[in-house]
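Down below is the structure, laid out as structure tokens.
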Amino acid sequence: MVKLRLNGDFIEVREGIKLSELLGELELPDTRIAVELNKDVVRRNDWGETVLRNEDVLEIVHFVGGG
Amino acid sequence: MRFKLTCSAFVLPRILLDSEKVKITWQVGELKLAGKEFGSRLIIGTGKYRNFEEMKTAHKASGAEMVTVAVNRVPLDGSTESFLDHLDPSMAILPNTAGCFDAEHAIRTARLAREALETEWIKLEVIGDKITLLPDNEQTLEAARTLVAEGFIVLPYFSDDLIMARKLLDAGCPAVMPLAAPIGSGLGVQNPANLRIMREQLPDAVIIVDAGVGTASDAAIAMELGADAILMNTAIAEAADPGKMAKAMRLGVEAGRLAYESGRMTKRLYASASSPIEGAIR
């Protein structure tokens, strides 16, 4: 298992999991969201090739009301 | 006889109606911003509405062509709902960096917004203090420089200060967005002199008053001082009837702009009679 920090919370996922697989398991939409891995944006096209590693820090964002 | 005289008074408007042949063409000009043209000089927020229906009604009534949205962590409990689906697709979306307290977080948020929405436009907001929500101008400038270099169209929220406005424009921002008063305060333009000075010293800059407007007269005042547009959220969302307030804001912005463009009369300390005093019976 690898330990990740996702939106501030610690989670454990299986070894070798790809970012696209994690997003699928979280049932997140694949449009109008963005993902940052260790403070760098991961382009949508790279989600399928990005393997998550121990102690990776992920931020996944969408849009909410604001002013 | 007296009745007939009273009746003749009703004839007067008919004479005035001859002027209806003159077509009224005085309309508020378009807002030109970063190569785009907007028919409305009102930009509105999407926060604090009691429900989506009220927000949609207000957006429609406002006539705004651009709305701002916030970037936020997705909930991980499967409750994700796309907020953007509740927005009129004809409106441009301006993501913001609200909630960021330093340049680094604002820059990261802007990059995420660009990736998610495929837009270069960003409302840059770097807050310096949780109580006042006043902007951190130094961090804002730093973030603006980086984001402009990365190709963003940066619209920065900042304190109403001429020197800061100059620096932000020099950094490559296509517009500056000085506050009228603290975010969500509804206090109206607290320092009209600063806005006026900014307008006079930066005649070619696009100045968008962002934050602090409370009601339609506040919007009119900001526009009369020479603002090119106003961005607001709370004044509409927290009104008892947001739709009606949105319409009032639309009219306030238009009235203020027309008044600014028309060139107001000079204020004088003493009266100046509108009717001739000479020739009045003695």
Side-chain angles (χ1 to χ4, degrees), chain A, chain B residues 43-49 51-52 55 67-87 93-99 104-105 107-118 123 125 133 150 157 183-184 210-211 213 231-238:
Chain A
M1 298 293 272
V2 292
K3 207 172 177 184
L4 307 172
R5 194 156 184 186
L6 171 57
N7 286 0
D9 290 332
F10 288 103
I11 60 161
E12 285 195 345
V13 293
R14 66 175 183 276
E15 201 99 20
I17 190 172
K18 288 172 181 162
L19 177 57
S20 54
E21 292 168 340
L22 176 67
L23 296 176
E25 283 174 26
L26 292 168
E27 296 181 350
L28 292 171
D30 55 5
T31 57
R32 291 163 154 189
I33 65 163
V35 183
E36 187 192 62
L37 173 60
N38 301 327
K39 299 191 179 179
D40 285 319
V41 170
V42 185
R43 303 301 306 268
R44 195 170 302 272
N45 292 341
D46 298 332
W47 288 355
E49 286 101 63
T50 304
V51 177
L52 299 173
R53 298 176 203 289
N54 207 30
E55 296 189 355
D56 273 347
V57 179
L58 281 167
E59 293 282 350
I60 308 176
V61 299
H62 69 159
F63 296 92
V64 297
Chain B
I43 303 166
I44 55 178
T46 54
K48 297 183 182 172
Y49 285 93
N51 54 60
F52 288 129
M55 181 180 78
V67 289
T68 181
V69 297
V71 180
N72 214 266
R73 284 171 163 170
V74 295
L76 298 171
D77 56 5
S79 67
T80 317
E81 181 194 21
S82 184
F83 173 79
L84 301 177
D85 290 341
H86 296 283
L87 301 176
I93 297 175
L94 176 66
N96 66 49
T97 65
E104 189 212 321
H105 283 85
I107 291 165
R108 285 168 55 200
T109 302
R111 288 172 181 158
L112 284 165
R114 173 160 71 177
E115 172 65 17
L117 284 182
E118 294 171 359
K123 177 192 156 177
E125 189 175 317
L133 298 181
E150 293 183 12
Y157 160 71
I183 293 170
D210 180 6
V213 166
L231 194 160
M232 65 176 77
N233 188 150
T234 309
I236 294 174
E238 280 190 4

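Below, read A as the first sequence line, B as the second, and so on, with proteins coming before strands; counting in each chain starts at 1.
For the pair B:Arg108/A:Val61, no side-chain contact is recorded, criterion being any heavy-atom separation below 4.5 Å from C-beta on.
Residues of residues 2-18 of chain A having a heavy atom under 4.5 Å from any heavy atom of chain B, listed by number: A:Leu6, A:Asn7, A:Gly8. Contacts between residues 44-55 of chain A and chain B, defined by a heavy-atom separation under 4.5 Å, are made by A:Arg44.
When B:Thr68, B:Thr109, B:Leu87, B:Ile44 are compared by the number of non-hydrogen pairs under 4.5 Å with chain A, B:Thr68 comes out ahead. Per-residue heavy-atom pair counts under 4.5 Å with chain A were compared for B:Gly47, B:Ala70, B:Ala98, and the maximum is reached by B:Ala70. Contact count versus chain A (heavy atoms, under 4.5 Å) is highest, among B:Asn233, B:Val69, B:Asn72, for B:Asn72.
In terms of heavy-atom proximity, A:Val42 sits nearest to B:Glu115 at O-OE2, 4.0 Å. The two residues B:Asn96 and A:Gly66 make their nearest non-hydrogen contact at ND2-C, 4.2 Å. Shown here for B:Pro95 and A:Phe63, the closest heavy-atom pair between the two residues is CB-CE2, 4.0 Å. Contact detail for B:Phe83 and A:Gly65: the closest heavy-atom pair is CZ-CA, 3.4 Å.
Note that CG of B:Leu76 is 7.0 Å distant from CG of A:Leu28, once rounded to the nearest 0.5 Å. In this structure, CD in A:Glu27 is found 11.0 Å from CG in B:Asp77, a value given to the nearest 0.5 Å. Rounding to the nearest 0.5 Å gives a distance of 6.5 Å between NZ of A:Lys39 and NE2 of B:His105. For the atom pair CG of B:Leu117 and OG1 of A:Thr31, the computed distance is 10.0 Å after rounding to the nearest 0.5 Å.
Proximity to chain A involves both the backbone and the side chain of B:Ala113, based on heavy atoms less than 4.5 angstrom apart. For B:Lys123, the part lying under 4.5 angstrom from a heavy atom of chain A is the side chain only. Within the 4.5 angstrom heavy-atom criterion, only side-chain atoms of B:Glu104, from C-beta onward, approach chain A.
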For this session: Would you check, one step at a time, whether the test side-chain contact (heavy atoms from CB on, under 4.5 Å) holds for B:Val71 with A:Glu59?
Result: CA-CA 11 Å; B:Val71 180; A:Glu59 293 282 350; over 6 Å; no
